[in-house]
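This report concerns only the one structure given below.
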Amino acid sequence: MGCEGFMKFILGFFNGIFALLGLGLLVVGCLVKWYPSFVEDNINPQLDKINTADGMRLDFVLLLQDTTLAAIVLGGILFVLGTVGILGVMCKSPGMMFFYALVMILIVLGEATVVVLMYVMNTEVTDYVKNKLNSTIIGSYRGDINSTEAITIAWNYVNWKFKCCGVQDHYDFKAADKWNPTAGEQIPLTCCRMKDGSKFPNLQPVDNNCVKTPTTNNSNYNQGCYESIEKVITDNKWAVIGGGAGIAVLQIVLIIAACYLRNKFGNKDKVDPM
């Protein structure tokens with residue numbers, strides 16, 4: 001195959017994945033944002049067949065409506081970047097290879113900047129993230145275990161999965177504007193300790209009075225989810241570091257391949273003087 005052929009394969013393969021993934025995100029994002037009726041009529045019925053087994057119904061439009069802009073932007077970037085990479089190889093264009101390498105370098109520099117800022121400004125970043133998470137509870141959380149609203153599903157699942165309650169503790173849910181607890185209800189059901197074998201969303205608390213009289217024995221009402229998730233990440237830090245390092249290595253390899261092919265294609269376009 002040779003070095004040039006290998007570089008072409010690397011760029012073609014991974015940029016093909018980027019382009020397809022980006023196109024998928026673009027299509028889904030655009031459908032949810034501008035054609036929700038199509039999704040409700042064609043996708044939700046198919047999801048219902050899957051969800052029935054677990055007793056949970058997910059409304060695809062509601063689940064994704066808060067992330068459509070992010071999906072469209074990310075999908076657009078991936079699609080354009082992947083397409084430029086593929087066309088640059090196929091057309092042997094040094095200009096496209098230069099553009100591709102430049103964008104990849106900017107992405108790597110941006111990622112490195114974020115990592116450095118998270119390390120140097122750890123307290124500020126933590127406070128910012130906690131405030132953003134709290135704002136989702138205040139503005140969107142509804143409390144209902146059978147809700148199809150995206151934020152409510154997310155918080156109910158996180159509470160159950162990580163055995164926690166709110167960002168800091170159960171008091172976070174008292175500020176939820178859209179949660180209307182029944183008489184005497186102090187915490188959401190998902191903040192309770194569950195019987196062994198309980199699966200989301202068919203949850204069975206160890207104490208049916210947990211939501212009204214939460215204690216450390218029957219609930220996780222004093223355990224914040226931010227701390228719980230942070231602990232999981234810390235306990236698996238080498239896997240996280242390994243995953244991040246793998247992505248960084250792939251990006252660097254793609255940059256090197258693009259620079260190599262840019263020089264190769266550029267040299268082939270040169271005409272030797274007579």
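Values below: all heavy atoms of this structure, side chains included; hydrogens, waters and symmetry mates excluded.
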Do the side chain of [X] and the main chain of [Y] share a donor and acceptor less than 3.5 angstrom apart?
X    : Y    : result
T215 : N218 : yes
R193 : C210 : no
S147 : T152 : no
N156 : D144 : yes
N159 : G166 : yes
T136 : L133 : yes
E185 : T182 : yes
S198 : M194 : no

Verify same cluster id: [X], [Y] (apolar side-chain graph, 4.5 Å):
X    : Y    : answer
I255 : I17  : yes
L74  : L106 : no
V115 : I105 : no
F13  : I247 : no
L250 : M7   : yes

Report task. Output, in order, the C-alpha distance, side-chain angles, deciding distance and verdict of side-chain contact (heavy atoms from CB on, under 4.5 Å) for Y128 and E124. Result -> CA-CA 6 Å; Y128 175 80; E124 291 82 354; over 6 Å; no
Query raised in the report: Members other than I241 in its cluster, when Ile, Leu, Val, Met, Phe, Trp, Tyr link by side-chain heavy atoms under 4.5 Å?
Result: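 Traced through the cluster, I241 reaches W238.
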Requested in this report: Supply the members, apart from I86, of the Ile/Leu/Val/Met/Phe/Trp/Tyr cluster built from side-chain contacts under 4.5 Å; use none for a lone residue.
Outcome: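 Grouped by the 4.5 Å side-chain rule, M90 form the rest of the cluster around I86.
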Taking the side chain as every heavy atom from C-beta outward, state whether [X] and [Y] have any atom pair closer than 4.5 Å.
X    : Y    : result
I72  : L25  : no
W155 : V167 : yes
L254 : F18  : yes
M96  : Y100 : no
L87  : S93  : no
L81  : I107 : yes
W179 : P181 : yes
V253 : F14  : no

Does [atom1] in [X] sit with more than 12 non-hydrogen atoms of other residues, nucleotides or ligands closer than 6.0 Å?
X    : atom1 : value
Y260 : OH    : yes
F162 : CZ    : yes
K174 : NZ    : yes

What's the spacing between [X] [atom1] and [Y] [atom2] if we round to 0.5 Å?
X    : Y    : atom1 : atom2 : answer
Y157 : F200 : OH    : CZ    : 8.0 Å
S135 : I151 : OG    : CD1   : 8.5 Å
L117 : N122 : CG    : CG    : 11.5 Å
L26  : I77  : CG    : CD1   : 10.0 Å
K178 : R142 : NZ    : CZ    : 4.5 Å
I229 : T234 : CD1   : OG1   : 11.5 Å

Between [Y] and [X], do the side chains contain a donor N or O and an acceptor N or O under 3.5 Å apart?
X    : Y    : answer
E111 : Q251 : yes
K130 : Q168 : yes
T213 : Q186 : no

Requested in this report: Would you please test E149 and I153 for side-chain contact (heavy atoms from CB on, under 4.5 Å) and show each step?
Outcome: CA-CA 6 Å; E149 193 275 324; I153 293 173; 6.0 Å; no
**Report entry** Shortest non-hydrogen contact from L189 toward P205
**Finding:**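 It is CD1-CG, 3.9 Å.
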Query raised in the report: What's the shortest heavy-atom distance between L261 and M97, and which atoms?
Result: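 Looking at all heavy atoms of both residues, the shortest contact is CB-SD, 4.1 Å.
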Requested in this report: Could you tell me whether E4 and K8 have a side-chain N and a carboxylate O separated by less than 4.0 Å?
Outcome: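 A salt bridge is present here (some side-chain N lies under 4.0 Å from a carboxylate O).
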Report task. Would you please test I138 and D172 for side-chain contact (heavy atoms from CB on, under 4.5 Å) and show each step? Result -> CA-CA 8 Å; I138 294 171; D172 295 330; over 6 Å; no
Query raised in the report: What is the ring orientation for Y141 with F173, classed by angle as parallel under 30°, tilted 30 to 60°, or perpendicular over 60°?
Result: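 Rings of Y141 and F173: tilted, 30 to 60°.
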Query raised in the report: Once the angle between the rings of H170 and Y221 is folded into 0 to 90°, is it parallel (under 30°), tilted (30 to 60°) or perpendicular (over 60°)?
Result: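 Answer is tilted, since the angle falls between 30° and 60°.
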Requested in this report: For side-chain contact (heavy atoms from CB on, under 4.5 Å), just list the numbers for D207 and N217, CA-CA rounded to whole Å, side-chain angles, deciding distance to a tenth of an Å, and then say yes or no.
Outcome: CA-CA 9 Å; D207 181 358; N217 293 323; over 6 Å; no
Query raised in the report: Going by the disulfide bond (SG atoms under 2.5 Å apart) test, which pairs reach into residues 136-167, not counting sequence neighbours?
Result: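 Counting only pairs at least two positions apart or across chains, the disulfide bond (SG atoms under 2.5 Å apart) contacts touching residues 136-167 are C164-C225, C165-C191.
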